[in-house]
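See below for the structure under consideration.
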Amino acid sequence: MEAHATPKHSENRVEDLRLITGAGCYASDWNAPGQLYGFFVRADRAHAAILSVNTAAALAHPGVKQVLTGADAVSAGYTKAPHNMQMPGRNGTKTLAPLRPALAHGKVHFVGEALALVVAESAAIARDAADLVEIEYRDLPCATRAEQALAAGAPQIHAEVPGNLALEFEAGDEPAVAAAFAKAAHVIRLKVETTKVSPSPMEPRACLVAYDAASDEYTFNLCMQGVTTLRKQLSSYTQVPEEKLKFEVRDVGGGFGQRTVVYPEYCALMLAAKALGRPVKWTSTRLEGFLSDNHGRGNVIAGALALDRDGKFLAMRMDWIVDVGAYLSPGPQGHIRNTRMAMTGVYRIPALYASYRVAVTNSAPIGSYRGAGRPDIAYAVERIVNHAAAELGIDAVELKRRNFIPPEAFPYSTSTGTSYEIADFPGLLLQALAQADWDGFPKRRAQSEAAGKLRGRGISTVIENTGIGPQEEVELRLAASGVVEVHTVTKSQGQGHETTLAMIVAKTLGIPRAQVKVVQCEAGTKLRGSHTGGSRSMVGAGGLSHVAAEKLIEQGKTLAALEFKVEPSQVTYSQGEFRSSESQRVITLGELAKAGTISAIAEGQFNSTYPNSCHIVEIEIDPDTGAPKVVSYNAVDDCGVIINHTIVEGQLHGGVVQGAGQVFGEHIVYDEQSGQMLSASFMDYPMPRAGVIPSLRFVPRPTPSKVSPIGVKGMGETGCTASLPALVDGVLDALRPLGVKHLDMPLTPSKIWHALQAAKQS
Ligand code: MCN
């Protein structure tokens, strides 16, 4: 295991030169001879019956080839969007999933829903002609927030989902929790919201589809996070067999979960490409992205924590209202299930219970977004624990220490059915406290006060489940040149897999990294596995790259033994060369492959790993403007054995900054009356800027995982998970002395300033 640990400043990313010099090839860089261009006509209202769609004027526009509408989607049978909400509901009920024609038919359910596709000789013509599609609507009242949609008398959004309740289910032991609450010395309650956000990858969604009548095959160039999941979902939506769906993808400019899944637009483009016999290309504008790409989070959680007289946790209850948007996106089960997996957080809580009400609303569908439920549960648990500390006058660090799952209790089974493999929370905390100079805070606070500023410190101690996936395969191909190709069905969207997978194989084979080439989602690949998501790539594809390299060595020994005329057990391998003391000859990897490519496939299925973190922040607030400023950010993280320190630090930094984006500004807001989105541009939706986390200090504190053959724990999301509670806690710690107990994200200067004014007057 340790063989894979690398020194602190490890190798640079091989992909970066290509990506930062404009030599990348993204979805909209692909073109096909004779291609046409699509533009989607989208709903300009949140909830309305479609009385008519008149395409005559658009069709008559010069250069327009076709206008597809919901009727075409329905007659093709492209109506049943896939989803994976298979968990049983209360009293054996099943999820009620509304139909979702690839182009809206009969009704529109959110602003931005695609309802017609104009295909033309140029993108500009398609866009112009879209204005000529005449739609007659009958407006209906809307409900864009889940609490509003579930309230009595709310507008009925889909006939198939009475009361807008798609599923109600529960986890844990309600009677045990009720009994513990009945005997508790203290019960602390807090309602928090994990706000709705837009993942906003740099690359807008794009898709080029070509149809080949001879083979009845479709070829796609699009943004994806891996071929297998998308292929399966696309096939499920359209009933086109998976083997007829081919993909060619090079670079992907960010995904964050949003690029994993099938979208209805891809299916509509398939219809056009087939009908017209020419490839059709569509590139989303940023506005379309805001309106129609899946959003993230969107939960309201009413939490309650029961404690005994000594501040020991007895039980926790959480009642969730989960917004899934207007339709179930293909993967909601994951981001809902994950909130149950780590419900106990890092604490020993004997009794847990959670109820969930999953609501449809007149808003864009919600999908997995970096962390997929893990940041939500970590935020809810940490907020209530830190709130309990403040309410009971116990130091937050002390309260955590009293309730941590101790290192000797691992593997630890939680009361919602999860088994945490290994962690050392007290050790992590101790190191983070030292790193952040926790005890020096009063002095720094006094200095800030002298300068007229409020200063607060925030702390989070979190754990999450990452890495679990279906049966995964990695293939190594050794060519006569000596180059070893690593084939995967995962797809990096910026995580640096070309570097890290190559490092793993190079290390196992003892050859230079330059001799290893990573090929992700090769066109027509038959390998099985999952996409890059759930921070599973290093646990799955990474571990299997190592196993495949070991297999390649064993295979090589057998082949070399034939050459040397000895037994395979008499052959040794080191640094790209096979030898045998019984023979004078040496044979290299490349020489071995002279007669033809040698390949080794490793397969395996992996369970969850449990990365965990302690993040400590300090924040200064200007009381005159309410503007918060992060002045220090310290992270101590356990992500098992580290393959590449620089990449891990980069991943952590990216996740932390994404968390900061949500904490300080990012927020998808719909107008409650009209259902229009009020945050559909970067002017209204403030992304975090470079200065938001000026200095992140990251120190790893690994406990290697045995789930992974190379000891790693998936960590691509932990920055998001740990930063939300730490940053919010930091702001509240600064405001608490003035009487502010809780604020929901986003903590904008205006919200903070108003809270300060209200506190002054009370
Ligand atoms: N790594 C390592 N040592 C470890 C663990 C990971 O060196 N112990 C490295 C890996 O080699 C890999 C990176 O860190 O290069 C992340 O690995 P892993 O934790 O396995 O996560 P994935 O590669 O599966 O990435 C998925 C994760 C998720 S779920 C989201 S969402 C996300 C993220 O990664 N989206 C991203 N990071 C992103 N980074 C970028 N730039 N763009 C996105 O869209």
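Just so you know, ligand 1 is whichever comes first in the structure, and atom 1 is the first atom listed for that ligand. This is a predicted model, so every value here is computed, not measured.
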Can you confirm whether or not the ring centre of Phe410 sits under 6.0 Å from the ring centre of Phe425? yes
A cation-pi test, strictly: NZ or CZ of Arg205 under 6.0 Å from the centre of the six-membered ring of Tyr263 and no more than 45 degrees from its axis. Yes or no? yes
Please confirm whether the ring centroid of Phe290 lies under 6.0 Å from the ring centroid of Tyr685. yes
Salt bridge or not between Lys713 and Glu464? Use side-chain N to carboxylate O under 4.0 Å. no
What orientation do Trp320 and Tyr356 show, parallel under 30°, tilted 30 to 60°, or perpendicular over 60°? parallel
Identify, chain by chain and in numerical order, each protein residue with a heavy atom under 4.0 Å from an atom of ligand 1. Gly254, Gly255, Phe256, Gly257, Arg370, Gln493, Gly494, Gln495, His497, Thr500, Thr532, Gly533, Gly534, Ser535, Arg536, Ser537, Met538, Cys639, Val641, Ile642, Ile643, Asn644, Ile647, Val648, Gln651, Val712, Lys713, Gly714, Met715, Gly716, Glu717
What is the distance from atom NE2 of His667 to atom CD of Gln662, rounded to the nearest 0.5 Å? 8.5 Å
